[in-house]
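Throughout, residue positions are numbered sequentially from 1 according to the sequence presented.
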Amino acid sequence: MRILVLSDTHGDFYSMKKALDAQPSAEAIIHCGDGAEQFDYIRQTCADKTVIGVRGNCDFSSKLPPVEVKEIGGKKIFITHGHLYNAKYTIMDLIYAAREQGADILLFGHTHMPMTDYYEGLHIMNPGSCCGYFASYGVIDITDKGDIVTNLVKLGR
């Protein structure tokens with residue numbers, strides 16, 4: 001199963017659509033906040049896929065939740081934007097929150113800095129900002145054997 005992970009689109013429909021077009025085999029799309037309008041577009045145009053989103057610090061009027069915990073492909077995923085967990089200063093608060101939920105995967109945004117890591121049984125990904133010149137997104141593959149593979153993709157212009 002392939003999961004497309006987006007965050008911090010900040011109104012950049014062009015980059016978001018480019019990421020969507022590049023990953024047609026993704027069965028799930030997760031948006032980690034700061035792009036409520038783009039999330040609504042994804043939800044409307046990708047009705048055949050699992051679509052999950054959370055509210056970011058710039059999604060002022062959004063009714064999206066600040067945190068989602070979902071099971072996809074047999075793996076528990078903790079999804080948040082990151083601003084409520086001090087993501088710009090440390091990821092340890094995020095790690096603790098994900099562990100409290102028994103998550104296998106932690107997804108967050110907010111910092112606009114793409115990163116992927118593995119820490120004591122927890123796969124961690126920030127897809128970066130899918131906006132502007134340095135736009136990026138993440139891809140997670142969950143294999144039939146239950147392995148988790150994370151990748152970051154730079155869009156370029």
Side-chain angles (χ1 to χ4, degrees), residues 1-12 15-16 19-20 23 26-39 42-43 49-143 145-156:
M1 163 170 259
R2 176 161 282 191
I3 304 168
L4 170 61
V5 185
L6 303 168
S7 189
D8 297 279
T9 48
H10 292 288
D12 188 346
S15 294
M16 179 205 61
L20 289 170
Q23 299 297 328
E27 296 174 56
I29 302 167
I30 297 174
H31 195 295
C32 297
D34 279 358
E37 290 179 26
Q38 293 77 54
F39 175 75
I42 295 167
R43 189 170 38 197
K49 300 176 187 291
T50 300
V51 179
I52 302 164
V54 295
R55 180 178 64 244
N57 63 301
C58 294
D59 295 325
F60 303 112
S61 62
S62 173
K63 293 187 183 347
L64 289 168
V67 174
E68 286 277 14
V69 179
K70 297 288 185 180
E71 187 167 316
I72 300 176
K75 300 296 179 183
K76 195 178 241 189
I77 305 175
F78 183 90
I79 308 155
T80 191
H81 183 59
H83 65 294
L84 299 175
Y85 296 91
N86 302 309
K88 287 190 177 181
Y89 305 103
T90 179
I91 64 168
M92 290 312 296
D93 292 344
L94 287 158
I95 290 170
Y96 295 144
R99 283 203 171 144
E100 285 176 4
Q101 296 295 319
D104 302 296
I105 302 169
L106 162 61
L107 300 177
F108 70 101
H110 189 53
T111 67
H112 293 211
M113 301 295 293
M115 62 88 68
T116 184
D117 203 353
Y118 181 78
Y119 182 76
E120 296 182 2
L122 182 67
H123 292 268
I124 303 165
M125 175 184 279
N126 181 334
S129 175
C130 191
C131 175
Y133 185 77
F134 296 104
S136 62
Y137 64 89
V139 175
I140 299 172
D141 289 306
I142 301 172
T143 69
K145 294 180 180 179
D147 296 325
I148 299 169
V149 180
T150 62
N151 286 295
L152 296 169
V153 180
K154 304 236 187 230
L155 276 176

Checking T116 against N151: is there a side-chain donor and acceptor pair closer than 3.5 Å?
no

Qualifying side-chain hydrogen bond (donor to acceptor under 3.5 Å, both in side chains) pairs with a residue from residues 96-109, counting only residues at least two apart or across chains
R99-E120

Scanning both residues in full, the closest heavy-atom pair of V5 with Y137 reads O-CB, 3.5 Å

Distance-only check: which donor-acceptor pairs under 3.5 Å involve side-chain atoms of residues 60-68, not counting sequence neighbours?
residue, atom, partner, partner atom, Å
S62, OG, L64, N, 3.0

side-chain contact (heavy atoms from CB on, under 4.5 Å) partner of I77, the single match among V69, I72, L106, I52:
I72

Under 3.5 Å donor-acceptor, N126 side chain and P114 backbone
no

For G138 and P127, work out which heavy atoms get closest and say how close.
N-CB, 3.5 Å

Once the angle between the rings of F78 and Y85 is folded into 0 to 90°, is it parallel (under 30°), tilted (30 to 60°) or perpendicular (over 60°)?
perpendicular

Using side chain to side chain donor-acceptor pair (under 3.5 Å) as the criterion, list what pairs up with N57, not counting sequence neighbours.
H81, H110

Please list, chain by chain and in numerical order, all residues satisfying salt bridge (charged side-chain N to carboxylate O under 4.0 Å, His left out) with K88, sequence neighbours excluded.
none

Got a sec, which residues hit salt bridge (charged side-chain N to carboxylate O under 4.0 Å, His left out) with E71, two or more places apart in sequence or on another chain?
none

Work out which heavy atom in G35 is nearest to a heavy atom in D59; give both atom names and the distance.
N-OD1, 3.0 Å

Test of understanding: with salt bridge (charged side-chain N to carboxylate O under 4.0 Å, His left out), list the residues that count as partners of D141, not counting sequence neighbours.
R2

If I compare all heavy atoms of L152 with all of M115, which pair ends up nearest, and what's the gap?
CD1-N, 3.6 Å

Would you indicate whether M113, at its atom CE, is surrounded by more than 12 heavy atoms from other residues, nucleotides or ligands within a distance under 6.0 Å?
no

